[in-house]
Peer 1: 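Have a look at this one before I ask anything.
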Amino acid sequence: MLSKLVSIETLKPKLKEMRFLLYLLQKNKLTKLALYVAVGLFLVALLAPFIVPYASHIRDEANPSNKLLPPSKEFFFGTDELGRDVFSRVLYGTRISLNTAVLSVGLALLIGVPLGAIAGTIGGWIDEVIMRITDIFLSFPPLLLAIAIVSVMGPSLQNTMLAIALSWWPWYTRLVRGQAISLKERKFIQAAEAIGTSSYKIIFGHIVPNTISPVIVQASMDMGGVILTIASLSFLGLGAKAPTPEWGLMISTSRNYFLNAWWYSVFPGLAIFVTVLVFNLLGDGFREILDPKTRKN
Amino acid sequence: MRNSRILSMVLVFSLILTLLVGCGTKSGDANGGGEDSKPKIAYYAYNTEPYIDLDPSVEYSNGIITLHNIYETLTRYDDETQKVEPLLAESWEANEDGTKWTFKIRQDVKFHDGALLNAEAVKKSIDRTIEMNMGAAYIWDAVKEIKVVDEYTLEFHLKYSAPIDLIASAAYAAFIMSPNVVDKDSGWFNEGNEAGTGPYMIQKVTKGERVILTRFDEYWKGWKENQYDRVVIKKIGESTSRRQLIEKGDAQITASLSTSDVNALKENTNVNVIEAPSWKNVIGFFNTEKAPLDNEDFRKALSYAFPYEDVVENVRENQALQSYGLIPPGLWGHDETLHQYKFDLDKAKEYLDKSGVKLDELSLILTFTSGNEDHRNSAQLYQVNLRKLGIDLDIREMNWDNVWEKSKSKNPQDRQDILFMYWWPDFPSPISWLMSLVHSEEAILFNLSYIKDEKLDQMIKEGDQLSATDRDKAEELFVQVQKEILERAYQMPIYDDKTVWVTTKNFKGFKSNPSYEGVVFFYDTYYEE
Amino acid sequence: MGSYIRKRLILGLIVLLGVVTITFTIARVIPSDPAAKWVGPRATQEQIQEARIELGLDKPLIVQFGVYLQNLIKGDLGYSLRTHQPVSKELAAFIPATLELVLLSFLFAVIIGVPLGIYSAKKKDRLLDHISRLFSIGAVSLPTFWVALFFQLIFYSRLGILPLGGRLSTEITVMFDIPEITGMILFDSAVTGQWEIFKDALMHMVLPCITIALYPIGLVARMTRSALLEVLNEDYITAARSYGLKENKVLWSYALKNTLGPTAIVLTLSLGYTLVNTFLVEAIYSWPGLGNYVATAVVTLDYPAIMGATIFSAICYVTLNIVADIIIALDPRVRL
């Protein structure tokens with residue numbers, strides 16, 4: 001991911017800075033647009049079961065006699081090989097993708113953040129061991145570790161999430177560790193240490209809460225990459241399974257029909273593109289305003 | 001200075017342009033039929049690797065599409081006459097109880113390495129396959145000993161009666177190779193070496209990608225004008241890609257296209273679409289050892305809830321027929337008087353009530369091999385209909401190894417409820433279905449309905465013996481077995497697939513033979529404007 | 001400096017050991033029985049037992065791991081369960097095709113990405129910068145497998161100017177003896193002067209290369225832009241400007257030089273993504289490379305093949321990372 005390649009340790013916003021951040025984000029028109037679209041996507045995901053024109057086409061119904069119909073007033077994006085409305089399924093796919101992505105990232109945070117906080121606060125050999133483990137995980141080309149994990153565990157959305165989390169957590173460990181190291185020098189932590197607060201309390205009571213905002217920023221920047229990874233795994237047959245309306249799976253299925261029914265591959269592909277683009281634009285916008293080097297301009 | 005920027009842009013664009021323009025001059029006619037100086041090339045766009053193992057004793061997979069053009073078998077099965085025809089064997093006969101078979105071997109047949117075919121060579125080839133005991137070698141299980149009587153006469157002495165004429169025509173593990181190479185190991189063959197009697201020799205193989213064959217000038221049947229000099233078999237994974245190759249005339253023949261691609265090609269006047277029977281059929285296996293599928297009425301309900309017509313018409317686009325029993329058409333043992341379950345939700349409901357099975361939150365697990373579009377679509381349609389009965393279908397599309405592993409779990413409760421699978425025979429006999437899928441097994445292999453029915457076992461065994469001596473009697477018994485299976489709803493035969501071949505108009509002489517799945521006998525084909 | 005490099009190399013070795021351990025662990029979670037797969041479906045229990053001993057699966061896990069490591073050092077990655085061929089031999093057969101693809105994509109990435117980045121930096125916050133930004137972020141947001149399908153539809157099916165897939169056209173493979181020096185057809189045919197093969201191979205590479213290059217193009221453009229902007233703010237550039245040097249002179253002679261380091265590093269690091277993209281598109285382009293090999297191995301659960309390919313890719317990736325780190329260490333101007 002683009003975001004990984006920029007020194008992340010320079011990001012130090014606090015929660016109260018968030019509003020200022022949003023203000024800055026909106027100054028760039030493209031980023032502003034991306035922000036609105038992202039909010040819209042989350043709304044679609046949330047309301048999908050209620051707003052799709054053919055809710056039963058998600059899994060309860062199939063009309064093979066209507067199959068592979070081109071886009072029309074009745075079916076905006078045409079129909080698939082079982083006569084289901086592609087528009088409804090693509091829309092519903094937003095829910096699947098965002099849900100899976102949020103859960104994967106959440107799981108990665110759950111592993112990565114505590115490890116990073118422990119490594120940064122305690123230091124010493126524990127730090128060394130944890131950091132070497134992150135090195136090892138980061139030595140797998142992205143996606144490859146996930147491919148290996150899912151292919152042996154058996155493909156399903158749950159395993160996809162697990163695999164993504166397992167290959168993503170080291171990034172958060174590194175980020176939080178850096179934060180923890182600088183926080184450790186701050187007065188309030190040193191004061192807590194002085195009065196004999198347990199290191200458990202220091203880590204989870206003081207360090208972790210104070211790293212939340214950069215972590216959230218980083219996590220939102222990662223959404224695009226994660227969504228693309230989910231779609232790629234599903235495309236390889238290592239993710240969602242029919243009849244789940246997952247975009248990557250839809251494209252994979254549509255391969256057999258794409259010369260006759262372009263709409264079946266085009267729309268899920270566009271959905272992936274737009275969603276990933278929006279999150280990447282947001283991420284890029286964040287980086288632009290948070291990176292002090294480019295901020296000067 | 002500004003120029004340098006423009007220069008770099010120009011450079012980039014000119015590079016792209018050169019590439020594009022360069023491609024525009026793509027040479028036109030790829031199959032090179034017209035000129036005499038050019039060899040005539042037949043290109044078979046195949047959906048997966050042209051071979052896994054080039055050792056004729058070992059290969060138990062798609063590789064037969066390559067091997068049947070390089071090696072030959074003693075006999076060949078003709079699905080039109082439903083009879084075994086001579087190939088490297090001129091004639092044969094069996095003793096009364098079918099335990100001793102005598103084969104006369106054809107004379108003046110040369111192997112690619114110059115050796116001559118005789119009884120000794122046949123014995124050595126089959127002995128090699130039996131000794132290596134890889135792949136489909138089990139088909140020779142009945143053979144006790146092979147005796148060379150004279151230069152061109154051979155005797156098979158059997159442990160029990162078996163139809164050696166059919167077995168010798170098998171698609172796998174029945175190839176005859178030169179006596180000079182029987183001592184070589186698989187590694188030697190896989191380097192691209194061979195020594196068969198077939199019409200083509202290997203020119204070059206590229207593992208996982210393509211095979212190039214060139215004609216063997218001294219082939220015993222001789223050569224006529226317009227036959228192909230070279231054969232290319234290449235892996236083209238995507239259906240749409242294969243379709244485009246045939247539309248452009250780049251490839252001469254292809255198969256395994258998606259139904260929608262086939263439909264589109266039917267409209268195309270430049271290609272021939274050939275729908276031929278195949279011996280591949282799809283069977284739904286009910287787990288008869290697990291509640292509630294141990295209940296016969298419940299299984300009948302499930303059989304009536306399957307949308308056969310929808311699947312055949314819409315999923316397979318009529319490139320299949322609903323099955324009558326387990327044995328597909330074109331093979332002895334197929335009988336159209338057998339009962340066909342029809343899609344009928346009312347009847348299904350009736351049997352459901354009769355079964356007394358409580359439905360609360362009942363969820364059945366259906367497994368099949370991942371990547372199979374037809375299984376996937378059938379499963380989804382089945383799911384929709386079962387939901388109308390109040391049954392939830394949990395579709396598990398898995399790797400074949402995982403499907404199989406699950407089906408063999410120690411505890412029947414851990415196994416799937418329903419399994420979709422293709423079956424096709426290794427040699428042309430219904431026994432392949434009945435022995436493998438129905439006969440009881442000590443260790444689970446392919447009897448994935450876990451049928452343990454002594455009466456059926458008895459009938460199958462008896463029929464097997466009779467198939468060597470009295471094929472009509474055997475057929476009768478096999479039909480009886482199928483009738484019983486349907487009555488007890490042990491299994492749900494779904495449809496018999498058709499093979500759909502697409503060829504260019506100038507590719508002539510091709511005939512599909514279901515007993516050799518995917519094989520194009522290129523010697524029979526020729527080029528004609 | 002020497003001690004840093006030594007330390008970095010030792011660290012790299014430890015990391016590789018970890019990679020092997022993780023891969024081995026994953027492979028042993030595998031639910032199905034490798035021995036049963038090895039002997040095939042019609043095997044008897046005895047045959048499976050024999051195979052288990054032959055494959056060393058009867059030994060304790062730790063011993064198996066030791067044996068695996070020992071063999072790995074010798075370059076032996078075990079046997080594919082599907083084809084019964086040595087995995088290392090199969091990998092060697094498939095790698096050149098992928099390597100050729102990746103290298104050419106990188107070339108594309110540089111000749112398109114760098115100028116785009118420069119342009120973007122020069123016109124910062126102007127319309128062209130926005131467009132270029134949108135393009136480069138768009139390039140990394142596209143699902144490559146989808147792009148591959150559409151390139152085929154347009155350039156083969158509709159326009160008919162580029163081949164559909166494969167490395168060479170059928171006619172060429174039959175009529176010519178394809179030279180095999182490195183396995184990279186473009187290189188081999190150029191060295192032996194067989195330009196007809198070269199041209200054919202090049203045409204077959206255009207679509208897969210552009211598809212795969214999209215990601216690094218976007219990445220390189222973005223990095224070049226931000227590195228350049230950073231450099232343009234440095235004091236010596238400001239000084240150069242204040243001496244009245246022309247803007248373009250400043251840009252090309254001073255600034256650009258200093259962005260080459262970071263761009264090179266981004267390029268090496270994006271190799272991981274490029275490799276993964278080959279996994280997604282090789283099957284579509286019928287490209288007989290590593291990606292196609294892995295895709296088949298995944299479908300058939302051929303775990304020695306999956307492990308072999310994973311370890312091979314990880315070794316490449318780790319090595320490149322080490323190289324990148326050493327470059328950073330050697331060049332004080334480069335800070336990432």
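Just so it is clear: chains get the letters A, B, ... in the order the sequence lines come, proteins before strands, and each one is counted from 1.
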Peer 1: Would the distance check show the side chain of B:Arg387 and the main-chain N or O of A:Arg59 forming a donor-acceptor pair, the cut-off being under 3.5 Å?
Peer 2: yes

Peer 1: Step through the shown structure and confirm whether more than 12 heavy atoms of other residues, nucleotides or ligands are within 6.0 Å of CD on B:Gln413.
Peer 2: yes

Peer 1: Counting only heavy atoms not in B:Glu309 (residues, nucleotides, ligands), do more than 12 fall under 6.0 Å from its CD?
Peer 2: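 Atom CD in B:Glu309 is not crowded, with 12 or fewer foreign heavy atoms closer than 6.0 Å.
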
Peer 1: At what distance, to the nearest 0.5 angstrom, does OH of A:Tyr257 lie from OG1 of B:Thr259?
Peer 2: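 Rounded to the nearest 0.5 Å, the OH-OG1 separation comes out at 5.0 Å.
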
Peer 1: Mind checking whether A:Lys67 and B:Asn377 have side chains closer than 4.5 Å, heavy atoms only?
Peer 2: no

Peer 1: Between B:Arg376 and A:Glu81, is there a side-chain heavy-atom distance shorter than 4.5 Å?
Peer 2: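 Answer no - side chains too far apart.
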
Peer 1: Below 4.5 Å, heavy-atom pairs only: which of B:Gln244, B:Glu313, B:Lys388 has the largest tally toward chain A?
Peer 2: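 Counting heavy-atom pairs under 4.5 Å, the top option is B:Gln244.
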
Peer 1: Salt-bridged, A:Arg255 to B:Glu373, with N to O below 4.0 Å?
Peer 2: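 So A:Arg255 does not pair with B:Glu373 through a salt bridge.
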
Peer 1: For A:Glu61, is it the side chain, the backbone, both, or neither that has a heavy atom closer than 4.5 Å to a heavy atom of chain B?
Peer 2: backbone

Peer 1: For residues B:Glu397 and A:Pro155, report the shortest heavy-atom separation together with the two atoms involved.
Peer 2: O-CG, 4.4 Å

Peer 1: Sort out for me which residue in B:Asn314, B:Leu381, B:Val384, B:Asp310 forms a side chain to side chain contact (heavy atoms under 4.5 Å, CB included) with A:Leu82.
Peer 2: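 Passing option: B:Leu381.
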
Peer 1: At a heavy-atom separation under 4.5 Å, does B:Arg396 approach chain A through its side chain, its backbone, both, or neither?
Peer 2: neither

Peer 1: Does any N or O in the side chain of A:Asn256 come within less than 3.5 Å of the main-chain N or O of B:Ser258, such that one atom is a donor and the other an acceptor?
Peer 2: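 Such a contact is absent between A:Asn256 side chain and B:Ser258 backbone.
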
Peer 1: Go through the atoms of A:Thr253 and report whether side chain, backbone, both or neither lie under 4.5 Å from a heavy atom of chain B.
Peer 2: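 Contact with chain B is through both the backbone and side chain of A:Thr253.
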
Peer 1: Kindly compute the distance separating CG (A:Leu236) from OG (B:Ser370), expressed to the nearest 0.5 Å.
Peer 2: 11.5 Å

Peer 1: When rounded to the nearest 0.5 angstrom, what is the spacing between CG in A:Asn260 and CZ in B:Arg243?
Peer 2: 4.5 Å

Peer 1: Would you say that more than 12 heavy atoms from the other residues, nucleotides or ligands in this model lie under 6.0 Å from the NZ of B:Lys290, or not?
Peer 2: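 Check passes, neighbour count above 12.
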
